[in-house]
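Each ligand, and each atom within it, is numbered from 1 in the order the structure gives.
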Amino acid sequence: MTHSRAPATRKLGAEEPNFDVVHDRSQFGSAKWANQWDEFSPRVEGDGLISLWTADMDFRAPEPVIARLREAVDHGIYGYTKRDPHHYEIIKSWFKRRHGWNVDIETLLPAPAIMPSVAAILRTFTQAGDGVIVQAPVYSPYFQVVRENSRKLLINRLRLTNGAYELDLEDFERQAANGARAFLLCNPHNPAGKAWTREELKSLDTICEHYGILVISDDIHCDIRLSDRPHIVFSSLDEAAAAKSFICTAPTKTFNLAGVPAATVSVADRKRREELFQVMQASFMLNAHYFGRLALEVAYSSGDQWLDSLTPYIRENVNLVSIIAGSNLPGITPMRPDASYLVWLDARELDVKVEGIHRFFVDRAGVNLYDGRVYGPGGEGFIRLNVGCPRSILKEALGRMARALASL
Ligand SMILES: Cc1ncc(COP(=O)(O)O)c(C=O)c1O
């Protein structure tokens, strides 16, 4: 990719982010653009593969975040840091402002990232052999965190109806009755970007309440709102839901900060909060990342404007995928996400025809998407397209895909 190309579409103010700029991400070891060695990135130096798979964006973080991190870098001393009460005030204020979630500050625990927190919660409140429900197709580390911590994986398949996912509550209840101790909820859901409604969450909660199941809610994708569906935090349903839940949040997807991580877990139940805190402390998980803490604070306190500019840009990218799929990608049906920047493409018939749609696009189009099989049962024949990229890159990728399909 070329460096800092900025097609001028409209005049931008000096402070406004320009999401059209194409940045060269190969130089600092980006997993998405520099990785050339594993099954997810079958890339060869110089082959010009367009990389739209893993979930980070090709955009610079909000300017105030960059400026503050730059100051800290220039300061040159990168010692230990701690999160103070102000840190939690910032988090509380963000969720109140953006989602109307009035989280109690005393419920918030510091965490290094989402998945280590999920692992710690599972290890603290479930035993080896206990069942953990996940709703497939889903973000693949969910399978890993259950299996590799010796818990029993209970898969509740989402039901695909008229091109959208729905809950299968009968099956969920069967899994609940099958030794489930915890449920790992992805809200909104990755890969389809589905925002669960209050009613859907309540139905899940009713079953969890009946069977005494704890709910670990991963809300990492909650901030970029593409449809008019709001983000409903599971613990905001009612007191009983709050008492059984662990709400895991982070600014890393929202502001493209995966490399400077910081996360938070809200645990309303005091006893469980103390227990989890002890376990995290004993695992030395509580020391904050020097840059991660700083980035979280600046992003959550001054990132609103940036996010409000990003959201329509992503929405337009999603629209572009729908338009081009409708006209030039026969056999590919995108699912419209409610949130985040990932588009789940149904290519099941093509997958059979070309004997593997992911590999087909790598080899014939030079575009690397995420193979739906990675997301477990129900993911076969799908591919996940990351539209968190400049529109010119997306257009180029879709054009290449269209040409590859036309040559079939
Ligand atoms: C649903 C979901 N949860 C968690 C993560 C990763 O979170 P972390 O890096 O904080 O562990 C991702 C990253 O793609 C994700 O999509």
Any N or O on His221 sitting closer than 3.5 Å to an N or O of ligand 1? yes
Is the backbone N or O of Ala299 less than 3.5 Å from a side-chain atom of Arg68, with the two atoms forming a donor-acceptor pair by type? no
Atoms of ligand 1 under 4.0 Å from any heavy atom of Cys186, numbered from 1 in the order shown, are 1 (C)
Examine the proximity of ligand 1 to Pro261 and report which part, side chain or backbone, both or neither, has a heavy atom under 4.0 Å away. neither
For atom 14 (O) of ligand 1, closest protein heavy-atom neighbour: Lys253 NZ, 2.7 Å
Taking atom 5 (C) of ligand 1 as the reference point, the nearest protein heavy atom with its distance: Tyr139 OH, 3.2 Å
Using the ring of each side chain (for Trp, its six-membered ring), is Trp196 parallel, tilted or perpendicular to His189, with breaks at 30° and 60°? perpendicular
Parallel, tilted or perpendicular, judged at 30° and 60°: which one describes the rings of Phe246 and Phe125? tilted
Can you give me the closest heavy-atom contact between Arg60 and Arg70, atom names plus distance? NH2-NH2, 4.4 Å
With a 4.0 Å cut-off on heavy atoms, does Ala258 reach ligand 1? no
Just to verify, which of Tyr88, Trp101, Tyr300 counts as forming a ring pair (Phe, Tyr, Trp, His ring centres under 6.0 Å) with Trp94? Tyr300
Arg270 CZ: over 12 foreign heavy atoms closer than 6.0 Å: no
Ring-face cation of Arg391 near Tyr313 (centre distance under 6.0 Å, axis angle within 45°): yes
Establish, from distance only, whether the side-chain atoms of Glu316 and Asn319 form a donor-acceptor pair under 3.5 Å. yes
Under 3.5 Å, N or O to N or O, is Tyr142 touching ligand 1 that way? no
Is it the side chain, the backbone, both or neither of Ala55 that has a heavy atom closer than 4.0 Å to ligand 1? side chain
Regarding ligand 1, does Ala113 bring an N or O atom to under 3.5 Å of one of the ligand's N or O atoms? no
Among non-hydrogen protein atoms, atom 8 (P) of ligand 1 lies closest to Ile114 N, 3.6 Å
Minimal heavy-atom distance between Asp56 and Asn256, with the atoms involved, is CB-OD1, 3.5 Å
Out of all atoms in ligand 1, which are within 4.0 Å of some heavy atom of Asp218? Include the element for each. 1 (C), 2 (C), 3 (N), 4 (C)
Protein heavy-atom partner closest to atom 11 (O) of ligand 1 - residue, atom, separation in Å: Met115 N, 2.9 Å
For atom 7 (O) of ligand 1, what's the nearest protein heavy atom and its distance? Ile220 CD1, 3.4 Å
